Each structure stands twice: as C-alpha cells, then as structure tokens.
Amino acid sequence: MKSANENIPYKIFLSEDEMPTQYYNVRADMEKKPAPLLNPGTLKPITAEELEPIFCKELVKQELDTIHRHIDIPEEIREFYKMYRPSPLVRAYCLEEKLQTPAKIYYKFEGNNTSGSHKLNSAIAQAYYAKEQGLKGVTTETGAGQWGTALSMACAYFGLDCKVFMVKVSYEQKPFRREVMRTYGANVTPSPSETTEVGKKILAEHPGTTGSLGCAISEAVEEAVKSDGYRYVLGSVLSQVLLHQSIIGLETQSALRKYNIEPDIIIGCMGGGSNFGGLISPFMGENLRGEKNYEFIGVEPASCPSLTRGQYVYDFCDTGKVCPLAKMYTLGSGFIPSADHAGGLRYHGMSSIISELYDQGRIKPISYKQTEVFQAAEDFARCEGILPAPESSHAIRAAIDEALKCKETGEEKNIVFGLTGTGYFDMYAYQAFNDGKMTDYIPTDEEINEALKGVPQFPGNEIK
Ligand SMILES: *Cc1c(COP(=O)(O)O)cnc(C)c1O
C-alpha cells in the first residue's frame, strides 16, 4: 500500500481543543459583496425589522452581516458539536489504489451523526438562537428528509417544538426518514397540505401534485408567521447557513495544515450551496486576499443545473413567493426538477454567495447525470467502505475524474472533496441503479426558458 511510505494517516483527526471557536464569514473578504435580499413588495434591500417576524433575531443579524470576518460560536453550540465533531479528514488510499492515480485524494466526512449529513452543523446553531430568543418552536420544510431530521435532533436537544413540512413524494417514499423525525419529537406534515392557505391554493391549482421544496418552504413560512412564538428556519441557500457550515472548511484547513498538505483542488456538491460554501469558504478567503490560488469545483445534477444553465437574476426563493427575493443563479422558482434521486440537490436556485463568486469567475461548476454519479458511488463504496449519499456522490464523481486526469498527466495533485453524508435512506435509488433501471433526465432549453418566465419582472432584472 502507498500508506507504508507516507506518513499521512488514513484519518486525520483534530482534538476537541482544535475545533474552531469562531465561524468564518467569507463575505467579509469579498470586495464585491453578494447582492442584498430584496423586499418583493418595494424592491428595496430588506431590513432586519422586515425579516424578524420570519427569522430569529440573531440569525437575521448574521444573514445581513457582510463585514465581520469571524463570528463566535457560542459555547452551547460547541458542546453539542463535540458529540460528533471534529469530523475526520480521510485519505482515500484505497480509492487512489483502485484508480492507479498519482493524485492524493482526501475527503471530509460529515456523515458521522444520526441525521447522516452536514446539515446538523447549521440545525444546532439555528435551534440554539431560537431557544436564546425564548421562542416556543420553529417550522421548516424538508425534501429528501436530511434537513428535517437534523433539525428534529437539534430541537429535541434544546427542548423546542419542531414542525416540518415534508415534500409529499418523500413523505410517502421515505417513511423511515419520517419516523426518525417523529422519534426526535417533530410534527411532520406532508406538503402541500390543507393546514395553510398557500397549501390549499397550490392543491386547488394542481390537484394530485406530489409537492416540491419551494412549495413546502411557502407553507413553513406561513405557519411560522401565523403562530405565536415560532420562527422559520432554512437548511441551505441563506448566507447564515453557509456561515455555520464554514466549520467544515475550517476543520479541513486545520487538518491539512497539521500535515503540511497544500490542496490543489477542492470539490463539493451543490444543492443550495451550503456544504460547498462551508467547505470552500476559508480557502476562498485565502484566494480573495491574494494569498493562494486554489481551484474550486462545484458539482450539480444535470437534472437541476442552476449554476451551469441558470440565469443570474433576482428570483423568488419559494413557489409561494412569500420569501424575500434573492439574486442568484436560478432556473426559475416554478422549475420542477425531474425525480432525480439526489433529493437534496433539487433546488431551483443557488446561494447568493456562491452565485456571486461564480459570477466573478472564482468557481468552476460542472454537472453530471445521475447514472454517472451512482457508478462513482458504487466504486467508492466498494473500496472505501462508506455507502455515500447520492448528493455526496456528485463530488465523488468529480474527484475521481480529476484523479484520472492526473493519471494521464502524471501530476500528483492534492484533491480534497466533501463527503456530505451517508445513503442508507436512499436504497430505492441504489436498487434502481443495481437493477439497471435508473434513467437520466436532462431538461431541455425550452423547459428552462419556460420556468424562467416566472422570474419577477422589473428594470435591471431581465433574462438574457
Ligand atoms: C442537503 C444535502 C446536500 C445539498 O445541500 P447543500 O446546501 O447544497 O449543501 C448535499 N449532501 C447531502 C448529504 C445533503 O443532505
């Protein structure tokens, strides 16, 4: 084995004392900041007062903070993190061997907690700030179920009530996810539902719909606004979520420094952009300050290609059009992605931070079809042991392809990728792949153009 003549262990662990005590806010190092959220009524930048009926006060502050580079992680959050962090940075020796590549591959594994993904990093922070504010509970949406599960765990820990609107198709297809959430005490409603005005409206317009993330968001927001002592929390897309997820990148940076490893390429999968943003943020900061020149690759599904085929305009974050407008690469809030198995990547837009960084040419986005992704997942599982989430497997695919390029050129690049979670609740997807029944769907330009017609029309916001 290669490991015999290298002194880098399979797993680079940090001690609890080496865990970050502050989050890193990449916006502070961006000369051109991401565009502000707009009030959809006035088209003016939204104020803290306007956001506070929807979101927790401290989270609003974080959302609007483009100045402070470091933000303290409260001790209560760090105590919780210690139950499953620092997460290991693993050297993929077996995968390197299998690929016969001179590249060195590392992955930051975020699947070591019951919710099975990185989403717990932000869920616990958001639950903490809600508790701090003296709230009774929070509402949210969940698609594939990872976010709802993470938030249920976090709310149970702080004794908060948790109402989850779960996209109906997942509610029916992933009963075990649902039951995990209920075990942690959450109240789970299939969306669209009759419990909200927006749910009733969507059901009247589209009877028999199996729901979408954008629609579940609308219901969760409505529920929070009309219930006393509740606020809405979101598991991705928002800048506050990328801030919390920066713990992934900060730990990765410390682990690499411990062994004097200089990464060349850093890769992550992109749904709303939170794990990718969190992983790359501290490294991007070095690039932004002119200290380094890392390459960043963001991977999305070909079925929901917001960065690779979307437009950079202000759009609604949700189907019900109740959230503030965000400037982002979007496919249109009415875009309904095909039933790709990587449920966590099926969002029509992209974090405004990631969108702006891409617009500045600092990120390279690529997309893969799901059969290519599952092939990589299988290759990875068979040598590295971990059964990866379909979402995470997008990053695996890209890491493998970069390592194969190194095989051709003989370059010994250091490739780091984010392994965001495990795939135990995705066995129907693996079954389809194993049975050779998985198909690929790529939206046509006409479909995307049609959905983009739903983008709000105002001067300066034209579709190109
Ligand atoms: C939700 C999820 C993602 C995608 O969400 P981002 O906000 O883009 O990070 C990726 N991997 C897993 C395992 C997820 O649960």
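When reading the values below, keep in mind they use all heavy atoms of this one structure, side chains included, and skip hydrogens, waters and symmetry mates. Computed from a prediction, not measured in an experiment: that's the story for all the values here.
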Leu213/Arg346 under side chain to side chain contact (heavy atoms under 4.5 Å, CB included): CA gap, chis, key distance, verdict: CA-CA 8 Å; Leu213 211 50; Arg346 296 177 65 205; 5.9 Å; no

is_close_aromatic(Tyr107, Phe380), centroid dist under 6.0 Å: yes

Modelled atom types, side-chain donor and acceptor of Tyr430 and Asp435, under 3.5 Å: no

Closest approach of Met438 to Thr371 (non-hydrogen atoms, all atoms of both residues): O-CG2, 3.7 Å

Residues Arg397 and Asp401 bridged, charged N to O under 4.0 Å: yes

Nearest-0.5 Å distance that lies between atom CD in Gln245 and atom OG1 in Thr420: 10.0 Å

Side-chain donor-acceptor distances from residues 321-329 under 3.5 Å, at least two apart:
| residue | atom | partner | partner atom | Å |
| --- | --- | --- | --- | --- |
| Tyr329 | OH | Asp359 | OD1 | 2.7 |

Lys258 NZ: over 12 foreign heavy atoms closer than 6.0 Å: yes

Donor-acceptor pair between Glu219 and Ser191 side chains, under 3.5 angstrom: yes

Shortest non-hydrogen separation from Ser227 to Lys163 and the atoms involved: OG-NZ, 4.0 Å

Ring centre gap for Phe55 and Tyr232 strictly below 6.0 Å: yes

Considering all heavy atoms, the nearest Ala144-Met166 contact: O-CE, 4.4 Å

Nearest heavy-atom neighbours spanning Gly214 and Ser218: O-OG, 3.0 Å

Residues in ring-ring contact (aromatic ring centres under 6.0 Å, His included) contact with Tyr230, at least two apart in sequence or another chain: none

Mutual orientation of the aromatic rings belonging to Tyr23 and His244 [parallel < 30°, tilted 30-60°, perpendicular > 60°]: tilted

Worked verdict on Lys405 versus Glu408 for salt bridge (Lys or Arg N to Asp or Glu O under 4.0 Å): CA-CA 5 Å; Lys405 278 186 210 161; Glu408 277 171 29; over 6 Å; no

From CA spacing to verdict: ring pair (Phe, Tyr, Trp, His ring centres under 6.0 Å), Phe176, Phe425: CA-CA 7 Å; Phe176 292 159; Phe425 289 102; 7.2 Å; no

Pairwise side-chain contact, Glu205 with Lys201, heavy-atom cut-off 4.5 Å (strictly under): yes

Residues Glu402, Lys413: salt bridge by 4.0 Å N-O rule: no

No-hydrogen, no-angle side-chain donor-acceptor test under 3.5 Å, Trp147 and Ser236: no

Side chain to side chain contact (heavy atoms under 4.5 Å, CB included) partners of Lys168, counting only residues at least two apart: Glu172, Pro190, Leu203

More than 12 heavy atoms of other groups within 6.0 Å of Tyr428 OH: no

Lys11, NZ: over 12 other non-hydrogen atoms inside 6.0 angstrom: no

Minimum heavy-atom distance between Val299 and His394, given as atom pair plus value: CG1-O, 3.4 Å

Cationic N near anionic O, under 4.0 Å, Arg309 to Glu300: no

Minimum heavy-atom distance Gln146-Ser117, with the two atoms named: CB-OG, 3.9 Å

Lys226 bridged to Glu197 by N-O distance under 4.0 Å: no

From Ile448 atom CD1 to Phe335 atom CZ, the distance as rounded to the nearest 0.5 Å: 5.5 Å

Between Thr101 and Glu96, a side-chain donor and acceptor under 3.5 Å: no

Any donor-acceptor N/O pair, Ser246 side chain to Leu243 backbone, under 3.5 Å: yes

